[in-house]
There are 2 protein chains.
Amino acid sequence: MKRPTIADIARRAGVSKGAVSYALNGQPGVSEATRKRILSIAEEIGFNANSAARALSGARARAVGLTLCRPARILGIEPWFMGLISGFEAELGARSYALTLQVVATPEQEVEVYRRWWGERRIDGVIVTDIREDDIRIPVLQQLQLPAVVIGGPGDTGPIAQIWSDDAGAITEAVRYLVALGHHKIARVSGVPDLLHTQNRTKAFQNVCAALGLDNAITIPADYTGEEGSRATRRLLIGGDRPTAIIYDNDVMAVAGLAVAQEMGLSVPGDLSIVAWDDSPLCSLVHPPLTALSRDISAYGAQAALELLNAIDGKTVGNVEAGRVHLTPRGSTAPPR
Amino acid sequence: MKRPTIADIARRAGVSKGAVSYALNGQPGVSEATRKRILSIAEEIGFNANSAARALSGARARAVGLTLCRPARILGIEPWFMGLISGFEAELGARSYALTLQVVATPEQEVEVYRRWWGERRIDGVIVTDIREDDIRIPVLQQLQLPAVVIGGPGDTGPIAQIWSDDAGAITEAVRYLVALGHHKIARVSGVPDLLHTQNRTKAFQNVCAALGLDNAITIPADYTGEEGSRATRRLLIGGDRPTAIIYDNDVMAVAGLAVAQEMGLSVPGDLSIVAWDDSPLCSLVHPPLTALSRDISAYGAQAALELLNAIDGKTVGNVEAGRVHLTPRGSTAPPR
DNA sequence: TCCCACAACTTACCCGGTTCAGTGATGCGG
DNA sequence: CCGCATCACTGAACCGGGTAAGTTGTGGGA
């Protein structure tokens with residue numbers, strides 16, 4: 001099947017290619033009557049502008065890129081990324097921007113992908129996740145002048161806009177809630193320690209515990225996988241002075257921790273209270289359902305996409321904080337016995 | 001920063017644009033010495049061919065499309081799609097093909113997206129998942145002559161290649177295993193009934209149960225979500241003649257089923273054995289870990305991508321069966337009390 | 001010595017939009 | 001009634017690669 005082009009429309013309408021282009025793009029230069037005629041012909045023959053031709057003539061590629069730098073076995077089970085992606089799509093789809101995805105193994109590969117995408121003019125901007133301290137991607141993005149939005153932070157990303165959620169406030173709320181229930185020995189199993197938001201959470205956790213006079217408030221670093229979550233939980237529970245509550249940096253590790261506790265014959269929440277970060281169906285699926293720090297990941301993604309589109313349009317975008325995180329109490333938390 | 005073009009290379013090498021194009025694409029028409037010189041200059045200045053220009057001049061867009069038509073809350077937690085995507089990337093990335101993603105709400109929207117992508121020349125082919133009986137996407141893909149590969153089946157997709165896994169064999173194995181353990185009352189909680197592979201599984205389940213003389217082998221339709229999984233499980237367990245084993249069409253529903261059983265005071269596997277379809281970290285995360293029908297989803301995706309790339313290259317591709325599904329016994333299955 | 005084949009290029013046009021510099025036609029003020 | 005601005009549109013150049021057709025230059029065979 002042959003694809004219709006603006007030349008076809010021009011022929012049918014008895015005008016030049018240029019006039020068709022003006023009409024389709026809402027530019028001045030054609031009369032209202034002609035514009036309507038052209039638009040109805042375009043509609044009739046099912047015209048879609050060739051994205052390559054459009055991108056070539058200096059316009060946008062109408063696509064944004066996202067690299068995912070986590071092992072496949074985590075990507076699959078972590079609701080986080082898919083939630084984010086659905087959010088992006090809500091905004092991108094509305095403007096018929098495409099989302100281009102690439103799974104990579106290392107930050108170095110991410111940089112390579114950015115360079116290639118830029119060279120190929122394949123995308124107009126990128127969404128950057130899993131930001132680290134002194135992230136190597138930031139200077140590259142600046143050098144290439146590639147519009148970008150960073151998810152996570154706050155941290156130093158120069159002129160590149162950031163979106164983050166109030167992790168410090170959230171963990172403070174969780175700790176206060178556990179203390180209010182009567183807990184004094186609270187531990188935390190964190191995500192990958194290099195990530196900026198992990199560091200922010202760890203700092204906030206230490207601060208609130210110090211402020212409330214909790215000692216023994218340790219953070220065990222893990223990597224978001226169930227295996228590491230189990231291992232960290234076992235380490236915490238076999239110690240002599242075991243915690244009565246554990247906060248996990250994601251839902252997968254929290255579920256793994258729950259399984260370890262049950263395996264060791266501990267009752268949840270009787271012997272151990274559990275709080276998960278990021279509420280997903282996973283948390284309400286298990287028994288008992290997990291108390292979680294909820295946030296609207298999809299809305300978070302939508303906001304990030306919107307910021308990126310603004311950045312692509314040359315509008316200056318500032319750093320913004322996404323919608324609030326709130327504690328959703330469920331069956332996994334209770335006063336300690 | 002200005003992006004280097006073949007004209008820049010041509011100037012530096014003292015040859016014409018045409019010669020550079022031949023050299024970069026491995027075409028005959030330049031001497032080995034010149035080719036090497038051109039390639040080294042390209043390397044040196046970090047040249048990447050503008051994908052728009054390339055796509056415009058009749059060549060490929062070097063991108064394939066994937067539409068996801070499931071509600072966001074399932075996409076997030078189902079390891080299936082992300083596993084598939086990682087698999088695609090393994091093959092696509094190696095050939096620097098991009099993967100373009102679009103989340104949609106209905107099959108009608110999927111058709112629209114296919115049409116738009118085709119009109120925009122944005123992609124060279126699509127990967128079709130969640131195939132239904134008389135799927136409306138198939139005739140459209142044929143009409144547009146858009147290269148495609150269908151994941152799921154077998155079923156009637158005309159000239160479009162399919163990849164499926166041996167669902168019938170897998171469920172037969174699972175039922176035989178449960179019968180060998182001593183179970184006689186086996187039920188199944190299925191995925192969305194419209195999907196072709198659900199129907200294939202249901203048929204195979206009925207066949208094997210009939211062959212083994214099991215009556216009462218009912219299938220309750222659900223939709224892959226934890227909520228529906230819980231509901232179906234409750235329906236099965238409150239009945240007078242309750243099953244001693246349940247097979248679930250995905251891992252999420254199986255985990256939900258486990259939670260329902262525990263909530264009702266039933267012991268797993270003592271009172272109820274559970275088998276999950278598709279093994280993911282989720283299955284080994286819970287307590288007890290779930291016996292599962294495992295398959296290498298990532299390899300499945302990689303094979304699908306490879307078939308699609310072949311189809312794009314004009315090679316005729318046949319229907320293929322992906323790697324075997326095998327039963328992984330874990331703690332959730334045992335002889336009934 | 002001449003002719004031909006062939007390698008090694010160059011030239012020029014194509015893809016399909018975007019955009020800028022024209023070109024008539026029209027309207028309007030003085 | 002003239003001059004000028006404005007509108008509605010045309011024509012052509014352009015983006016950056018791909019590629020068919022044309023042009024050299026060289027060597028070999030007769």
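So that the names make sense, note that chain A is the first sequence line, chain B the second, and so on, each numbered from 1.
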Between P of D:dG18 and CD of A:E120, the distance in whole Å: 12 Å
Interatomic distance where CG belongs to A:L24 and P belongs to C:dG17 [whole Å]: 9 Å
Which sits closer to the 5' end of DNA chain D, B:A53 or B:A19, going by the nucleotide each is nearest to? B:A53
Remember a base hit wins even if backbone is also touched, and classify A:S31 as base, sugar-phosphate or nothing at under 4.0 Å, heavy atoms. sugar-phosphate
Would you indicate which nucleotide in D:dT19, C:dT19, C:dG17 comes nearest to any side-chain atom of A:A49? C:dG17
Carboxylate-amine/guanidinium contact B:E120 A:R3, below 4.0 Å: no
From the candidates D:dT10, C:dT19, C:dC9, the one with an atom nearest any side-chain atom of A:S21 is C:dT19
CD of B:Q27 versus P of C:dT10: gap in Å, rounded? 16 Å
Heavy-atom check, side chain of B:M82 versus side chain of A:I85, under 4.5 Å: yes
Mind calculating the distance between CZ (A:R121) and P (D:dG17) to the nearest angstrom? 9 Å
Is the phosphate of D:dT10, meaning OP1 or OP2, less than 4.0 Å from a side-chain N or O of A:S16? yes
Taking the side chain as everything from C-beta on, heavy atoms only, tell me whether B:I131 gets closer than 4.5 Å to B:L195. no
Is B:E32 salt-bridged to B:R35, cutoff N-O under 4.0 Å? yes
Value in whole Å for how far the C1' atom of D:dG18 lies from CD1 of B:I6: 8 Å
Measuring from the side chain of A:T5 (C-beta onward, heavy atoms only), which nucleotide among D:dG16, C:dG16, C:dT18 has the closest atom? C:dG16
Identify whether any heavy atom of A:G14 sits under 4.0 Å from a base atom; if not, whether one sits that close to sugar-phosphate; answer base, sugar-phosphate or nothing. sugar-phosphate
Could you state the atom-to-atom distance from CG of B:L56 to P of C:dT18 in whole Å? 12 Å
Rounded to whole Å, the CG-P distance (B:N48 to D:dG16) equals 14 Å
Looking at B:N50, I'd like to know whether one of its side-chain N or O atoms comes within less than 4.0 Å of OP1 or OP2 on D:dC15. no
Given that A:A7 and A:Y22 both sit by DNA chain C, which one's nearest nucleotide is further toward the 5' end? A:A7
Please check the phosphate of D:dG18 (OP1 and OP2 only) for any side-chain N or O of B:R54 closer than 4.0 Å. yes
Should B:R70 and B:D130 count as an ion pair when the cut-off is N to O under 4.0 Å? yes
Given D:dT19, is OP1 or OP2 found less than 4.0 Å from the side-chain N or O atoms of B:S57? no
Indicate, with a heavy-atom threshold strictly under 4.0 Å, whether B:V15 touches base, sugar-phosphate, or nothing. sugar-phosphate
Can you tell me the distance, in whole Å, between the NZ atom of B:K17 and the P atom of D:dA20? 15 Å
